[in-house]
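Structure first, commentary second.
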Amino acid sequence: MLGFLFTSKECQELQYLLKRELEEMLLDLGDKRIDCLVKRAMEERYQILFRMYARIATPSELSKYARRRKLEETPFT
């Protein structure tokens with residue numbers, strides 16, 4: 001585990017970069033033309049960035065980038 005000390009200006013910059021990256025990834029994950037293997041790798045990266053953003057964002061800001069998990073399609077018996 002690594003630790004960092006950021007100034008408030010650096011924290012704002014990090015927050016801005018993470019938000020931009022999350023927004024781009026949300027758009028790409030919604031693109032039907034992208035292969036499922038690529039999307040799986042993007043999902044893993046999205047989760048890492050989302051957890052990083054969760055450490056510095058307020059819950060209301062964080063809710064904008066929360067993704068719903070798809071329920072596995074299994075028949076109920």
Side-chain angles (χ1 to χ4, degrees):
M1 178 183 271
L2 295 175
F4 291 100
L5 292 175
F6 292 115
T7 65
S8 61
K9 183 79 170 174
E10 291 168 335
C11 193
Q12 289 174 350
E13 184 66 27
L14 180 62
Q15 188 172 6
Y16 172 77
L17 291 172
L18 289 171
K19 283 170 57 173
R20 295 286 293 170
E21 189 65 24
L22 289 171
E23 289 170 3
E24 282 292 321
M25 291 184 80
L26 281 174
L27 288 173
D28 290 342
L29 287 169
D31 191 350
K32 303 231 185 270
R33 298 173 293 174
I34 298 176
D35 186 50
C36 68
L37 291 176
V38 175
K39 279 192 179 184
R40 185 176 301 147
M42 288 171 57
E43 283 279 355
E44 291 173 10
R45 184 164 187 252
Y46 186 88
Q47 289 302 317
I48 292 169
L49 293 175
F50 182 79
R51 286 191 302 259
M52 288 174 64
Y53 184 61
R55 294 174 187 240
I56 57 176
T58 63
S60 62
E61 291 175 343
L62 193 60
S63 66
K64 297 175 187 175
Y65 302 101
R67 288 182 43 91
R68 291 185 187 170
R69 291 195 179 250
K70 291 184 180 178
L71 296 175
E72 293 184 28
E73 295 180 14
T74 56
F76 296 103
T77 55

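Keep in mind that the numbers below use all heavy atoms, side chains included, and drop hydrogens, waters and symmetry copies. Numbers for residues simply follow the sequence, beginning at 1.
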- Task: Check the pair Tyr46, Leu26 against side-chain contact (heavy atoms from CB on, under 4.5 Å), reporting the backbone distance first and the verdict last.
- Result: CA-CA 8 Å; Tyr46 186 88; Leu26 281 174; 3.6 Å; yes
- Taking atom CD of Glu23 and atom CG of Leu27, what is their separation to the nearest 0.5 Å? 8.0 Å
- Task: Let me see the working for Ile56 and Leu18 under side-chain contact (heavy atoms from CB on, under 4.5 Å), right down to the final yes or no.
- Result: CA-CA 10 Å; Ile56 57 176; Leu18 289 171; 4.2 Å; yes
- Message: Are Leu62 and Ile48 connected into the same hydrophobic cluster when the rule is that any two of I, L, V, M, F, W, Y join if their side-chain heavy atoms are below 4.5 Å apart?
- Response: yes
- Give, for atom CE of Met42 and atom CZ of Arg45, the distance between the pair rounded to the nearest 0.5 Å. 9.0 Å
- Message: Contact between Lys64 and Leu22 at the side-chain level, heavy atoms closer than 4.5 Å - yes or no?
- Response: no
- Compute the centroid of each ring, for Phe50 and then for Tyr65, and state whether the two points are separated by less than 6.0 Å. no
- Query: When hydrophobic residues are tied together by side-chain contacts of less than 4.5 Å, even through go-betweens, does Leu2 share a cluster with Leu5?
  - Reply: no
- Item | Whether Gln12 side chain and Lys9 backbone form a donor-acceptor pair below 3.5 Å | no
- Item | Residue pair Glu44 / Arg40, side-chain heavy-atom distance below 4.5 Å | yes
- Message: Assigning hydrophobic clusters by single linkage (Ile, Leu, Val, Met, Phe, Trp, Tyr; side-chain heavy-atom cutoff under 4.5 Å), is Phe6 placed with Tyr53?
- Response: yes
- Query: Taking the side chain as C-beta and beyond, is there a heavy-atom pair between Lys39 and Asp28 under 4.5 Å?
  - Reply: no
- So do the side chains of Glu61 and Gln15 get within less than 4.5 Å of each other, counting heavy atoms only? yes
- Task: Please name the pair of heavy atoms, one in Met25 and one in Leu49, separated by the smallest distance, quoted to 0.1 Å.
- Result: SD-CD1, 3.7 Å
